[in-house]
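Below, chain A is the first sequence line, B the second, and so on; all start at residue 1. Note: hydrogens, waters and symmetry copies are ignored here, and every other heavy atom, side chains too, is used.
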Amino acid sequence: MFEPIARFFSAKPPEVLPYYVAGAVLFSILMIFVLINLPSRARKPLIALVTFLAGLFYATEFFFPIDRATNKNFLTDYLVPASKLGSLLGGMTLTLGILSLLRVHGRNIARLRAGWYNSVALLVAMVSMVTFGLMDKYGANDGAKKVFNVLFEGMLINMDATMFSLIAFYIVSASYRAFRIRSIEATILMVTAFLVMLGQVPVGNALTDWLPQDGTFASLRVENIKQWILSQVNAAALRAIAFGLGVGGLAISLRIWLSLERGAYFEKEI
Amino acid sequence: MDALWQDILARPAIYAGAICTLGLMTLIYRENAVYRFFEHVFIGLAAGFSIVVLIKEILDPFLYQPVFKKGEWYWTFVFMFGLLFYFIHSRKYNWLSRLPIGFLMGFSAGQAFQGFANTYLPQLARSFRPLFVTTPDGSWDAAAGINNLIFMIVLVTVMSYFFFSFEQKSRVIRNSAQFGRWVMMVAFGAIFGTTIMARMALLFDRMYFLFSDWLRLVR
Amino acid sequence: MQHAFEKIWPVLIVEVLTAVIIIWRIVSAQRGKELFIRRIPGLNAIDEAIGRATEMGRPVLMVPGIGGFSIIALQALSIFSYIARSTAKFGNRILMPVADPTVYTVAEEVIRDAYQAEGHPERFEADSIRFLSDRQFAFASGVAGLIQREQIASSFMFGEFFAESLIFAETGNMVGAIQVAGTVHTTQIPFFIAACDYTIIGDEYYAASAYISRNPTMLGSLVGQDFGKLLIASLCVIGSVAATLAALEVPVLGTASQWFINLFTIR
Amino acid sequence: MATTPGTSAPRDIWDRLQAIDRRVLYVLLLVVIILPLFVPIRLPMVTMPSTQKLYQAVESIPEGGYVIVSTTWSGGTRAENMPQTEAILRHLMKRRLRVAVFSFDQQGSQFSYNIASRVARDFGYEYGKDWVHWGFRPVAGVVMKSLVRDIPGTFTTDRDGKPTKDMPVMQGIKDIKDVDAIVEIAASGIYMDWIGLVVGANPKLKFGFCPTAVMAPETYPYMDSGQIVGIMEGMRGAAEYEQLVNTVGLATKGMGSISLAHVLIMLLIIVGNVGYIVTRARRS
């Protein structure tokens with residue numbers, strides 16, 4: 001029964017390919033016209049249906065019995081195409097994001113708002129990265145490669161690393177300000193952070209180096225206290241938090257999948 | 001001066017990197033014109049790179065190659081479906097954009113079952129900790145038993161903190177939740193303490209980049 | 001585990017049972033039963049933070065994290081939608097830098113709807129929601145700059161946050177903003193606690209929309225979630241008792257306990 | 001828990017101790033980070049058992065043994081992974097073992113080549129005879145599966161595309177059974193793949209792992225079970241390793257900076273709290 005459908009959706013040789021592609025485009029445009037004229041009371045159910053079917057694919061693939069020999073069921077082979085489909089759809093929104101950038105900064109430049117030259121710098125940087133990035137892939141040219149190297153390895157990677165490293169400064173000011181014995185909670189937070197810090201660095205370890213390496217008193221060495229906090233208290237607390245997050249995530253997924261979710265976006269008349 | 005120019009031409013990426021590093025670092029003093037300039041350059045470069053990635057790693061391999069090189073014409077439908085996103089700016093047909101959005105939501109929600117099973121179920125059995133533990137040679141290991149008991153107490157009290165719909169009337173539940181919150185603070189303090197090391201290593205790397213790679217003052 | 005049938009019992013007992021309970025509670029809640037929910041201080045603070053921004057006449061910042069489009073981002077957007085309804089009412093300026101283009105697309109829609117629902121569609125400025133960059137630290141540099149230039153009065157951070165969490169929270173603290181934050185990435189919670197005024201921990205994040213909206217559907221879901229957690233906590237306790245019995249090699253009971261443990265052991 | 005910075009002007013020393021300007025803190029941090037780069041600061045160092053175990057494992061490799069070093073890291077974690085790579089290579093070359101380096105990361109391949117060339121010069125190692133660099137290899141799983149059965153077939157060329165068939169360093173190496181140890185220096189969870197696909201295939205193979213400090217805790221269970229022979233934990237592990245092989249490298253300098261930074265933070269916490277306690281005591 002599925003044979004003719006499968007044959008219709010199979011890969012096509014170059015001679016007929018343009019017709020199929022054009023046909024698909026025309027059909028899609030036709031469908032959009034149908035959608036535009038859809039009565040408004042049918043819209044929400046249609047969106048709910050699309051959402052449900054998309055979720056149903058992954059749910060069925062997970063719950064449907066598998067063939068023990070191959071560890072697959074009838075949908076498993078479609079997982080890869082499905083993830084490609086997801087990436088492609090998600091990727092297509094990038095244009096909307098870039099349009100937002102262009103709109104904000106284009107307006108800055110057009111109206112010569114304060115700092116308009118920064119917006120120019122942004123656009124120049126963007127255009128050069130696109131130009132040389134694509135040349136790097138599609139047109140090998142030594143000069144272009146060098147420029148791309150300066151833009152990517154020289155600038156982008158180093159800027160990433162620099163912003164990341166700023167956290168070192170912020171961690172100092174945050175711990176200086178927040179770790180005060182103001183309340184029980186703040187005190188607990190401070191004491192454990194302090195102990196763990198001691199356990200992290202050689203200087204701290206030297207403090208309890210006089211304690212034996214083995215035996216009962218060894219557990220009082222700072223590095224062992226640190227290890228105990230991490231492996232016992234930390235692991236258990238994080239697992240408990242994770243269980244809650246797991247159930248919460250499952251609940252919100254169910255609500256969205258079955259269109260039970262509420263809020264301005266979901267309840268709006270369309 | 002000539003030597004400087006030659007050096008710049010020989011290592012343009014290092015010089016560019018050093019200037020960018022210094023430019024962004026000025027933020028720790030305060031937001032200023034130099035930072036603002038480099039921030040915009042950074043965002044521009046990043047946006048440009050995202051476009052390059054989109055073309056190289058999504059549109060080319062998932063759309064152009066399959067359709068025009070392998071003849072898998074049906075991907076055209078996906079592209080056309082994705083175009084519905086752009087109706088978001090239309091006053092009248094705005095709702096059409098909800099179709100691909102709903103589709104992606106469904107995709108994301110549908111994966112939750114496998115995600116839950118993979119992430120949390122294996123942890124469940126690993127939480128079954130015996131309170132009586134023997135060492136490999138058969139003797140009683142009291143410390144391990146106590147550790148397991150502590151593990152259980154922490155697990156249960158922290159979970160009790162996250163019950164939202166039970167009124168915390170009974171003192172047991174209230175105290176358990178309070179204790180759970182304190183234990184969480186221990187965990188958070190520990191995370192804070194361990195993270196400092198990694199962040200300091202990053203700053204050290206930046207300084208090494210400036211003083212060694214760029215200025216060559218340190219080997 | 002790729003499929004449920006690889007280890008069907010834990011999936012059925014824990015996952016499916018939890019899902020069924022959640023749906024059952026949602027449906028019964030929709031029939032209109034009064035439901036209780038405990039206080040979540042961080043969420044009460046949202047109104048206070050917006051109020052302060054109104055007094056100071058400075059903008060409100062909302063950051064939906066740097067994660068892609070997922071249930072986590074959607075939850076963040078529903079919290080922001082609530083905030084946007086308040087700001088629409090009081091006429092605050094909002095700023096919402098976004099790191100994922102799909103989230104950006106949906107965010108614009110959600111916030112616009114919130115303004116419309118409040119009856120002030122004219123107060124919505126499209127430029128207040130901006131796509132900055134999908135690259136972690138480029139986004140961070142943009143947000144840090146924005147916070148200082150605009151001198152924001154209050155800052156809300158909900159969604160997926162990673163290392164950059166502290167950059168946002170400390171810069172916000174520098175300009176003296178009231179900050180409320182929550183994320184599912186527990187490793188970032190300590191930094192929010194250190195630098196923000198209120199922090200939502202763990203699955204308080206997923207309780208937020210129910211708490212704020214008091215919508216019966218969501219509250220029902222929350223009750224169902226509690227049952228799910230109760231189930232897991234009980235299983236952990238029972239499992240530990242079973243493990244102890246098995247370790248003590250109690251006759252019969254020990255074997256039964258081992259069977260119970262094996263039932264849940266995956267790989 | 002955060003507080004808005006003091007609204008009223010600090011009155012006395014105790015108030016001031018609680019409200020040190022953040023820029024002062026930042027300058028102090030810069031000083032303690034930069035100083036050890038120029039002035040060597042030797043701090044008391046306690047070697048962790050995990051580092052010691054890795055060192056012992058390398059020591060126990062028989063003379064003329066064969067070691068594969070994989071460097072799956074990039075610029076982002078250079079501060080931790082570069083000294084690790086250098087320290088382990090120093091030890092291997094000091095012991096005059098045959099070394100093959102490669103990477104599952106493009107940047108890591110470049111970095112490890114530079115480091116290995118430098119260390120090789122120090123120990124008089126000849127390229128192609130004593131050591132080789134197989135370059136960047138994408139798709140870890142495929143490479144690992146194939147190197148178990150056939151090493152020359154997996155790495156037919158070196159990083160410059162030169163055939164490895166006739167290199168002396170490749171002689172007598174057919175499959176995983178001829179390898180004595182594998183050391184992975186990584187910023188990711190790639191050790192799981194090694195354990196799953198390679199480590200079991202040769203019971204006497206030693207697998208050492210050098211993760212970033214953040215990654216380290218999750219790898220401990222595998223050291224307990226013996227699947228990993230030893231762990232060099234981040235920059236700290238590298239500093240300890242440098243001490244074991246008697247060299248003052250980047251990690252020792254870095255550890256000086258990082259230790260001082262920790263000390264600075266701890267001092268600041270103490271100072272802030274002292275100020276807080278005194279003012280509170282006075283007020284009441």
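- Contact tally against chain B (heavy-atom pairs below 4.5 Å) for C:A73, C:G142, C:P10: the top residue is C:G142.
- Proximity to chain B (any heavy atom under 4.5 Å) is shown, for C:S257, by neither the backbone nor the side chain.
- Between B:M152 and C:S240, the closest heavy-atom pair is SD-OG, 3.0 Å.
- Partner B:E31 forms a side chain to side chain contact (heavy atoms under 4.5 Å, CB included) with one of C:R149, C:Q151, C:M174 and no other, that one being C:R149.
- Using a 4.5 Å cut-off on side-chain heavy atoms (C-beta onward), B:Y161 and C:E204 make contact.
- Listed by sequence position, the residues of residues 11-25 of chain B in contact with chain C number zero, using a 4.5 angstrom heavy-atom cutoff.
- Under 3.5 Å, the side chains of B:N94 and C:E109 contain a donor-acceptor pair of N or O atoms.
- Of the atoms belonging to C:A233, heavy atoms from both backbone and side chain fall under 4.5 Å from chain B.
- Neither the backbone nor the side chain of B:F151 comes within contact range of chain C; no heavy atoms are under 4.5 Å apart.
- Contact count against chain B (heavy-atom pairs under 4.5 Å) is highest for C:E15 among C:Q148, C:H3, C:E15.
- Between the side chain of C:Y211 and the backbone N or O of B:F164 there is no donor-acceptor pair closer than 3.5 Å.
- For chain B, the nearby parts of C:I71 are the backbone and the side chain; heavy atoms of each come within less than 4.5 Å.
- Tested against B:L124 for a side chain to side chain contact (heavy atoms under 4.5 Å, CB included), the candidates C:T265, C:I232, C:I266 yield a single pass: C:I232.
- For B:A112, the part lying under 4.5 angstrom from a heavy atom of chain C is the backbone only.
- Neither the backbone nor the side chain of C:F139 comes within contact range of chain B; no heavy atoms are under 4.5 Å apart.
- In this structure, the portion of B:M184 lying under 4.5 Å from any heavy atom of chain C is its side chain and not its backbone.
- Within the 4.5 angstrom heavy-atom criterion, no atom of C:L263 approaches chain B.
- Comparing B:R199, B:R98, B:Q111 by how many heavy-atom pairs each has under 4.5 Å with chain C, the most go to B:R98.
- Neither the backbone nor the side chain of C:V241 comes within contact range of chain B; no heavy atoms are under 4.5 Å apart.
- In terms of modelled atom types and a separation under 3.5 Å, the side chain of B:S165 and the main chain of C:F36 share no donor-acceptor contact.
- In this structure, the portions of C:A163 lying under 4.5 Å from any heavy atom of chain B include both its backbone and its side chain.
- The candidate with the highest count of non-hydrogen atom pairs below 4.5 Å against chain C, out of B:G44, B:P130, B:A187, B:A125, is B:P130.
- For C:I37, the parts lying near chain B are the backbone and the side chain together; criterion is any non-hydrogen pair under 4.5 Å.
- Ring-plane geometry between C:F264 and B:F128 is classed as perpendicular, the angle between the planes exceeding 60 degrees on a 0 to 90 degree scale with a lower cut at 30.
- Between C:R38 and B:F163 the shortest heavy-atom distance is NE-O, 3.5 Å.
- Taking OG1 of C:T199 as the start and CZ of B:F188 as the end, the distance is 9.0 Å to the nearest 0.5 Å.
- For a residue to count as touching a neighbouring chain, one of its non-hydrogen atoms must lie under 4.5 Å from one of that chain's; by this rule B:F42 touches chain C with backbone and side chain alike.
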